[in-house]
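This is a predicted model, so every value here is computed, not measured.
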Amino acid sequence: MTLAAAAEDRPVTAAIIDGKGYAAGLGERIAEQVSAFSGHTGRVPGLAVVLVGTDPASEVYVRSKGRMARKLGMESFEHVLSEDTSQEDLMALVDRLNADETVDGILVQLPLPRHLDSLAVIKAIDPAKDVDGLHPLNAGYLASGLPGLVSCTPLGCLMLLRSSLGDLSGLDAIVVGRSILVGKPMAQLLLAENCTVTVAHSRTRDLERRVAQADIVVAAVGSPEMIRGEWIKPGATVIDVGTSRVIRDGVTRLVGDVDFAGATTRARAITPVPGGVGPMTIMSLMHNTLLAAFRRAGLAAPELW
Ligand code: NAP
């Protein structure tokens, strides 16, 4: 029996976690706080986004980040540099943005062209303006339980988990994937919520058994539907970060790391792809920019979630 057929035979148990709706509500709260910030300081938070080269997907991301910042009342500074930009010129731009008082958040769109050293660029960003949360100092703050700036996608995932489950304390969680961008910070966030956390990766043995024990599954691999519906523990909550383009019946579709149809017959709640984690990533970036602006101005940051 195919997974889809299996899903038809079993009742759907899962509520759909509406990332798009949650992100819209968060956006309204951010916009209110942008006004409050401007009332206190006489200026609005500023987000600088740097794009090197002409990668079409990166161009779309950068445009949508700028558009969202403006929609929420922030200032957006977009710096588009040519593909052959030197390391020196990129570092000089980062230095200028670090020194610019109107810039609260700096995001360098990754991946950079191969001749550029991404880590050196990330390390050059003022950690107080590192709204992508990728600077080693911010990763260290997160691991140490200190306030810093947290990588946007895992932060958005945690917001969705809290909104769906409330208190996460004592739950068994598995994070599949251990990237610096998603898996590792996600594991740290869940640990800080008092979950018991397993981090799985490409060398993990018997992934099925480990997934089957988890109350929370966060999948961040980039392998279409590799986590099968029947692996999911009945009543688990599933956050699917993965996005892969696949061609089915001649149509290109975006699918996650989890077999959605199968998982909906076992999980208590699950994020869809698209419409789950994706909208939260960009809104978390806006959240981080607002947070950075309040902190840099010496103001108490508002609680937004
Ligand atoms: P990544 O850097 O490529 O990391 C993938 C991780 O998956 C690695 O840790 C890898 O393990 C692990 N992995 C690979 N094959 C595996 C397997 N068979 N079993 C278990 N783990 C396996 O990717 P990423 O940047 O974290 O992104 C992951 C996915 O999330 C991608 O599809 C990406 O497009 C998506 N994403 C979505 C958003 C969003 O806003 N929706 C944001 C960010 C990322 P090793 O470390 O052992 O190689």
Any carboxylate oxygen within less than 4.0 angstrom of a Lys/Arg side-chain nitrogen, looking at [X] and [Y]?
X      : Y      : result
Arg253 : Glu225 : no
Arg296 : Glu101 : yes
Asp126 : Lys129 : no

Counterpart residues, salt bridge (charged side-chain N to carboxylate O under 4.0 Å, His left out), relative to Glu208 (two or more places apart)
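None.
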Taking only residues two or more places apart in sequence or in another chain, which ones pass salt bridge (charged side-chain N to carboxylate O under 4.0 Å, His left out) with Arg245?
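Arg245 satisfies salt bridge (charged side-chain N to carboxylate O under 4.0 Å, His left out) with no residue once adjacent residues are dropped.
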Spell out, as yes or no, whether a donor-acceptor pair under 3.5 Å connects the side chain of Asp132 to the backbone of Leu107.
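Flag not set: sc Asp132 to bb Leu107 has no pair under 3.5 Å.
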Checking the side chain of Asn98 only, and the main-chain atoms of Ile106 only, is there a donor and an acceptor separated by less than 3.5 Å?
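No, Asn98 side chain to Ile106 backbone: no donor-acceptor pair under 3.5 Å.
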List the residues meeting side chain to side chain contact (heavy atoms under 4.5 Å, CB included) with Lys20, not counting sequence neighbours, and say none if there are none.
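By the side chain to side chain contact (heavy atoms under 4.5 Å, CB included) rule, Lys20 matches Asp18, Pro279.
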List for me each residue that meets side chain to side chain donor-acceptor pair (under 3.5 Å) alongside [X], sequence neighbours excluded, and say none if there are none.
X      : result
Asp249 : none
Asp167 : none
Asp130 : Asn138

More than 12 heavy atoms of other residues, nucleotides or ligands under 6.0 Å from [atom1] of [X]: yes or no?
X      : atom1 : result
Ile247 : CD1   : no
Ile180 : CD1   : no
Phe77  : CZ    : yes

Nearest non-hydrogen partners of [X] and [Y], listed with the distance:
X      : Y      : answer
Leu161 : Val218 : CD1-CG2, 4.4 Å
Gly105 : Val131 : CA-CG1, 3.7 Å
Val221 : Asp257 : N-OD2, 2.6 Å

Candidate pair Asp117 and Gln87, rule side-chain contact (heavy atoms from CB on, under 4.5 Å), full reasoning
CA-CA 7 Å; Asp117 177 351; Gln87 184 80 23; 3.6 Å; yes
The test is side-chain contact (heavy atoms from CB on, under 4.5 Å); show your working for Leu160 and Tyr22 and say whether it passes.
CA-CA 8 Å; Leu160 293 181; Tyr22 186 97; 3.9 Å; yes
